[in-house]
Amino acid sequence: IPVPYDFDACGLVETNYSVPNEGLPIKEVTQRLFRGNCLQLEEYQQVIDRFMEKRETLTNICSKTAYLSDNERKSISNYLEQFYKNLDRKKGIAYNFFMNKCRENADYN
C-alpha cells in the first residue's frame, strides 16, 4: 500500500525547508518521482483502481480540514487533483509513469 510517510517531504504540503534527497534526480519535493518496484501492468492497475476508489474521501478530507488555511487547502487540493489527472489516463499513465519510471529510477529504489 503506497503511503507518503512524510507529508512535507512528499510535496503534499508546501514548506520552505523541504528539499529532495540529493541522490534523487528531482529539484523540488513537489516533483513526482516513482520509486517503486517494477510490477506487471495488471498489478499497477489494481493500485490505480484503489486510489480512484478513495478519490472522493481524500478530496473531502482536504477540503474539510479546519486547521488549514484556504490557500493551503487549495494547494493540497491542486496537488491531489494533478495526481488523479495522471491516474485518469489509465493505461498510458500506468505504462509510462510506472513501467518506464521504475526502470529509469532503479538506482533510486
Side-chain angles (χ1 to χ4, degrees):
I1 298 173
V3 176
Y5 62 90
D6 194 340
F7 294 116
D8 52 355
C10 73
L12 186 64
V13 294
E14 292 186 46
T15 63
N16 58 359
Y17 58 82
S18 296
V19 294
N21 181 297
E22 61 187 45
L24 299 176
I26 57 174
K27 303 224 184 293
E28 304 290 332
V29 294
T30 53
Q31 289 177 268
R32 289 182 167 91
L33 174 66
F34 181 68
R35 299 175 62 201
N37 296 325
C38 292
L39 303 172
Q40 296 299 312
L41 188 58
E42 296 78 26
E43 294 173 288
Y44 287 122
Q45 191 59 54
Q46 291 175 0
V47 173
I48 290 170
D49 292 344
R50 178 81 171 155
F51 272 110
M52 296 307 284
E53 289 171 10
K54 299 298 182 184
R55 184 178 191 166
E56 186 175 346
T57 302
L58 289 172
T59 302
N60 286 337
I61 290 170
C62 172
S63 66
K64 294 178 181 179
T65 301
Y67 58 84
L68 295 174
S69 71
D70 288 342
N71 285 341
E72 289 168 328
R73 264 190 230 99
K74 184 177 180 177
S75 175
I76 292 169
S77 178
N78 288 340
Y79 191 74
L80 288 173
E81 188 59 31
Q82 185 58 48
F83 171 74
Y84 278 106
K85 281 182 183 178
N86 288 338
L87 290 185
D88 281 341
R89 295 183 191 144
K90 299 286 183 191
K91 287 187 180 179
I93 191 65
Y95 184 79
N96 291 316
F97 187 72
F98 294 120
M99 299 293 282
N100 285 338
K101 297 298 181 185
C102 71
R103 292 182 189 122
E104 288 176 13
N105 298 315
D107 293 339
Y108 307 110
N109 285 330

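Computed from a predicted model, the values in this text were never measured in an experiment. Numbers here are sequence positions counted from 1.
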Under a single-linkage definition using a 4.5 Å side-chain heavy-atom cutoff for Ile, Leu, Val, Met, Phe, Trp and Tyr, are [X] and [Y] assigned to the same hydrophobic cluster?
X: V47; Y: Y84; answer: yes
X: V13; Y: L80; answer: yes
X: L68; Y: L12; answer: yes

Tell me the closest heavy-atom pair linking [X] and [Y], and the distance in Å.
X: A9; Y: S18; result: N-OG, 4.2 Å
X: T30; Y: Y79; result: O-CE1, 3.5 Å
X: D8; Y: T15; result: CB-CG2, 3.6 Å
X: I76; Y: C62; result: CG2-SG, 3.5 Å
X: E28; Y: Q31; result: N-OE1, 2.8 Å

* Which residues satisfy the salt bridge (charged side-chain N to carboxylate O under 4.0 Å, His left out) test with R73, sequence neighbours excluded? ->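 In terms of salt bridge (charged side-chain N to carboxylate O under 4.0 Å, His left out), with neighbours along the sequence ignored, R73 is linked to D70.
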What's the spacing between [X] [atom1] and [Y] [atom2] if we round to 0.5 Å?
X: N60; Y: T65; atom1: CG; atom2: OG1; result: 10.0 Å
X: T59; Y: K64; atom1: OG1; atom2: NZ; result: 11.0 Å
X: N71; Y: K74; atom1: CG; atom2: NZ; result: 7.5 Å

* **Enclosure of E56 CD (heavy-atom neighbours >12, cutoff 6.0 Å)** =>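 Incorrect, the count does not exceed 12.
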* To do: Report yes or no: is the cationic atom of R55 (NZ for Lys, CZ for Arg) closer than 6.0 Å to the six-membered ring centre of F83, at no more than 45° off its axis?
  =>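 Because its charged atom misses either the 6.0 Å distance or the 45° angle limit, R55 does not stack over F83.
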